[in-house]
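What follows is one structure encoded as structure tokens, with my remarks underneath.
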Amino acid sequence: MIEVVDLTKSFPISRQQRRELAAAGSPAPGETPATAPGAANASSLQAVAGASFRCSPGRVFALLGPNGAGKTTVLRMIATLLRPDGGRISIAGVDALADPVAARRKLGFLTGSTKLYERLTAEENVRYAADLHGVGAADYKRRRDALFGALGIDAYAGRRAGQLSTGMKQKVAIARTIIHDPEVVVFDEATSGLDVIAARAIIQLIQDCRAQGKTVLFSTHIMSEVTMLADDLAVFHRGRVLAMGGLEEVLARAVDERGQRRTLEDEFVRLIDAAEGVRT
Ligand SMILES: Nc1ncnc2c1ncn2[C@@H]1O[C@H](COP(=O)(O)OP(=O)(O)OP(=O)(O)O)[C@@H](O)[C@H]1O
């Protein structure tokens with residue numbers, strides 16, 4: 001279980017960033033209250049502006065949002081890599097702000113910027129993470145064999161990570177992320193930059209995690225991944241949840257003026273446009 005309540009986070013920004021935001025049409029100081037999500041006031045940008053959601057065990061929750069919506073910031077706070085300004089985070093019953101070390105034991109977090117140790121082999125990278133988590137030899141072997149088989153890593157387990165392709169590295173990073181069998185797994189755009197075969201292996205692994213009763217949270221802007229994988233979803237924009245619910249429930253509410261069901265993509269664009277005040 002992941003429970004996030006009223007999460008907020010602002011970043012200090014430079015003058016240069018402020019000019020870029022203004023040029024991109026973000027609200028400029030004076031035009032919008034500083035508390036508005038995504039607003040850039042004199043010195044800070046509110047990346048997350050009161051986000052609340054809950055992800056349940058045995059279900060896959062998708063955080064869907066455009067570039068800059070604040071998805072990575074939320075996930076980094078859940079993974080205890082970034083401290084929120086306000087709000088609460090509970091990971092499998094552990095208060096992640098009060099006890100981040102205990103929360104990390106329950107959690108596997110994968111982000112696009114996760115780097116492997118390039119001089120170590122694929123196997124050594126995974127083994128190193130297992131050792132850090134105190135995984136015993138027998139458990140390691142069992143989990144390593146299952147994961148390497150599922151992800152198709154065995155053939156290059158002995159190669160140095162620095163010599164692997166992007167897709168191969170990503171698969172090794174995933175094995176490393178879940179080698180300690182965490183209750184909760186969080187993937188930040190896990191399939192970005194991967195070919196369809198590598199992406200499928202990861203999608204299958206996410207489905208396996210669900211079947212094992214784990215809580216899975218992933219962020220994406222790929223609609224097909226959401227319809228394929230998600231049980232629940234939140235549409236995220238300017239640091240806020242615009243819509244949330246079961247996938248079927250959200251789609252059932254997405255009906256146009258003629259009573260026709262919209263696709264998830266159409267509904268996503270409609271929600272973002274409505275939040276931006278765009279008339280359609
Ligand atoms: N360390 C930081 N310092 C300053 N601003 C930041 C920092 N990290 C993120 N931001 C800003 O916070 C906002 C949200 O960024 P975030 O990376 O969370 O969005 P995202 O939804 O993950 O986007 P994408 O889909 O493009 O990865 C953006 O405006 C970004 O520029």
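By convention here, the first residue in the shown sequence is residue 1. One-based numbering, in listed order, for ligands and for the atoms of each. Bear in mind that the values here come from a model prediction, so they are computed numbers and not experimental data.
- In this structure, the side chain of Arg238 does not engage the main chain of Ala49 through any donor-acceptor pair within 3.5 Å.
- Put simply, atom 6 (C) of ligand 1 has protein non-hydrogen atoms near it, under 4.0 Å away.
- In terms of protein heavy-atom proximity, atom 15 (O) of ligand 1 is closest to Thr73 OG1, 3.9 Å.
- Counting only heavy atoms of the protein, atom 19 (O) of ligand 1 lies nearest to Gly70 N, 3.2 Å.
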Requested in this report: Please step through salt bridge (Lys or Arg N to Asp or Glu O under 4.0 Å) for the pair Glu118 and Lys169, ending with a clear verdict.
Outcome: CA-CA 10 Å; Glu118 305 237 316; Lys169 280 184 184 155; 3.4 Å; yes
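- Scanning the protein heavy atoms around atom 9 (C) of ligand 1, the nearest turns out to be Phe11 CE1, 3.4 Å.
- Exactly one of Asp231, Asp232, Thr215 qualifies for a side chain to side chain donor-acceptor pair (under 3.5 Å) with Arg59. That residue is Asp232.
- Salt bridge Asp273/Arg270: absent, no basic N to carboxylate O contact under 4.0 Å.
- At the top of the distance list for atom 25 (O) of ligand 1, counting protein heavy atoms only, stands Lys71 NZ, 2.8 Å.
- If you run side-chain contact (heavy atoms from CB on, under 4.5 Å) between Pro57 and each of Gln212, Met1, Arg210, only Met1 comes through.
- Under the 4.0 Å criterion applied to side-chain N and carboxylate O atoms, Arg144 and Asp154 are assigned as salt-bridge partners.
- In this structure, the protein non-hydrogen atom closest to atom 31 (O) of ligand 1 is Gln17 NE2, 4.8 Å.
- Annotation for ligand 1: atoms under 4.0 Å from non-hydrogen atoms of Glu189 are 25 (O), 27 (O).
- Residues Thr72 and Asp188 bring a donor and an acceptor atom of their side chains to less than 3.5 Å of each other.
- Distance screen at 4.0 Å: atom 17 (O) of ligand 1 has a protein heavy-atom neighbour inside the cut-off.
- When only interatomic distances are considered, the shortest N/O to N/O separation between Gly68 and ligand 1 falls below 3.5 Å.
- Counted within 6.0 Å of CD on Glu249, heavy atoms from surrounding residues, nucleotides or ligands total more than 12; the atom is thus considered enclosed.
- Of all the listed residues (Ser219, Ala69, Gly65, Ala47), Ala47 holds the heavy atom that lies closest to atom 12 (O) of ligand 1.
- Shortest contact from atom 26 (O) of ligand 1 to any protein heavy atom: Asn67 ND2, 2.9 Å.
- A cation-pi contact, defined as under 6.0 Å to the ring centre and within 45° of the axis, links Arg127 to Tyr140.
- In the vicinity of His221, heavy-atom distances shorter than 4.0 Å reach the ligand 1 atoms 25 (O).
- Only the side chain of Leu45 comes within 4.0 Å of ligand 1, counting heavy atoms alone; its backbone N, CA, C and O stay farther away.
- Counting heavy atoms under 4.0 Å from ligand 1, residue Pro66 touches it through the backbone alone.
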